[in-house]
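Chain letters run A, B, ... following the sequence lines, proteins first, then strands; residues in each count from 1.
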2 protein chains.
Amino acid sequence: MISLKDLKKKVKENGYKLTPQRKAILKVLIGHNKHFISAEDILKETIKIYPNLNITTIYRNLEILEDINMLHKTKDNNTALYCLICEESHHHHIICKICGKTEIIDFCPLKKFSDLVKEKNFILTDHKIELYGYCEDCKKDLNP
Amino acid sequence: MISLKDLKKKVKENGYKLTPQRKAILKVLIGHNKHFISAEDILKETIKIYPNLNITTIYRNLEILEDINMLHKTKDNNTALYCLICEESHHHHIICKICGKTEIIDFCPLKKFSDLVKEKNFILTDHKIELYGYCEDCKKDLNP
DNA sequence: TTGTAAATGCAAATAATTTGCAATTAGGAG
DNA sequence: CTCCTAATTGCAAATTATTTGCATTTACAA
Ligand SMILES: [Mn+2]
Ligand SMILES: [Mn+2]
Ligand SMILES: [Zn+2]
Ligand SMILES: [Zn+2]
């Protein structure tokens, strides 16, 4: 389980200051561990801890956290969603379409694609693989 | 090879009128067959055919074409990209990061995920799999 | 304790996409 | 062919997520 202490340490190690705003953001992110959440929703939570916190500060910090590899970012419809990175090795996610809960899918099928990609004379550099569905809790509430 | 005639037919079959604007858009899309292209770039091409065509009309038509399953839509950074659907069966794409060229990857590894997803107690409903890289032409121009 | 670069808040700018509305038009009915 | 009407379009304005400029504040190393 990832700890707030570890997160703060990693931020400092990367040369960033530990402002109360930043700490509040980290606290909220860890409170939503394994859940994708939007900048706006992060704001709603952080202002409970640090009332004057501005959305600009949220965005600037999310960018930093992404840069130092502490955050996953994904764009579903038009708004970006963020989720703390808790594992170190390459993996993918299944994301609940209702609550944003995410679980690590510790498998990547990239090798299966390599021959097909070569056939098309492409050089493969990146890939985006995301699974979507309903988590244990949310599937209960689904209309039958 | 997909033909303009077929595209027009499908549009009519779905109850939409064949306006010159719509025809121009289809023509441009077919000219970029197998390439993802943005609304703005579609506009640049269409105004050569129909000079007064408005970006709003582009967006409205792209939405219609997507609705009737004639267009793939993907969102890379902040702008949506579109590509005519030319095959009927489920597949994925490799997309050139430079020119937008796309090739069909006629393979889906979804089954490989199903056990892992079940383990996490999720119901799997959707998935997004996209490969990115450089196409045959563009890889030549790459800095060494 | 102090100096300074980093960080923040606020307001304004961006940029892609959407919407409201009045004017135009495609194409079926007569 | 002519007429009618719902569909479509163009234009301007709204929306919305995100970014930027800038003056002010602050963390923290020395
Ligand atoms: Mn992860
Ligand atoms: Mn396709
Ligand atoms: Zn859920
Ligand atoms: Zn290319």
Would you kindly give the [atom1]-to-[atom2] distance between [X] and [N], to the nearest whole Å?
| X | N | atom1 | atom2 | value |
| --- | --- | --- | --- | --- |
| A:L43 | D:dT18 | CG | P | 12 Å |
| A:N14 | C:dA6 | CG | C1' | 15 Å |
| A:I58 | C:dC10 | CD1 | P | 13 Å |
| A:I64 | D:dA27 | CD1 | P | 15 Å |
| B:N61 | D:dT8 | CG | C1' | 8 Å |
| B:L62 | D:dT8 | CG | P | 14 Å |
| A:I37 | D:dA17 | CD1 | C1' | 16 Å |
| A:I47 | C:dG9 | CD1 | P | 12 Å |

Would you please confirm or rule out a distance under 4.0 Å between OP1 or OP2 of [N] and any side-chain N or O of [X]?
| X | N | value |
| --- | --- | --- |
| B:N54 | D:dT9 | no |
| A:T57 | C:dG9 | yes |
| A:R22 | C:dT8 | yes |

Using side chain to side chain donor-acceptor pair (under 3.5 Å) as the criterion, list what pairs up with [X], not counting sequence neighbours.
| X | value |
| --- | --- |
| B:T56 | B:N54 |
| A:T74 | A:E130 |
| B:N69 | none |

For B:K112, is the NZ atom crowded, meaning more than 12 foreign heavy atoms sit under 6.0 Å from it?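 Count not over threshold, so no.
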Among residues at least two apart in sequence or on other chains, which ones pass salt bridge (Lys or Arg N to Asp or Glu O under 4.0 Å) with [X]?
| X | value |
| --- | --- |
| A:K48 | A:E45 |
| A:K111 | none |
| B:K10 | none |

Checking A:Y82 now: which residues fulfil ring-ring contact (aromatic ring centres under 6.0 Å, His included) with it, not counting sequence neighbours?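 Once residues adjacent in sequence are excluded, A:Y82 has no partner under the ring-ring contact (aromatic ring centres under 6.0 Å, His included) criterion.
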Please encode protein proximity along nucleotides 14-25 of chain C as a string of B, S and -, counting only heavy-atom distances under 4.0 Å. --SBBBB-----
In degrees rounded to 10°, what angle is found between the helical axes fit to the five outermost pairs at each end of the helix from C:dT1-D:dA30 to C:dG30-D:dC1?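 Computed angle between terminal axes is 30°.
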Counting the benzene-type ring for Trp, do A:H127 and A:H92 have ring centres under 6.0 Å apart?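 Yes, the ring centres sit under 6.0 Å apart.
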Side chain of B:K12 only, heavy atoms from C-beta on: which candidate in C:dC10, D:dG10, C:dG27 is closest?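 Given the options C:dC10, D:dG10, C:dG27, the side chain of B:K12 is closest to C:dG27.
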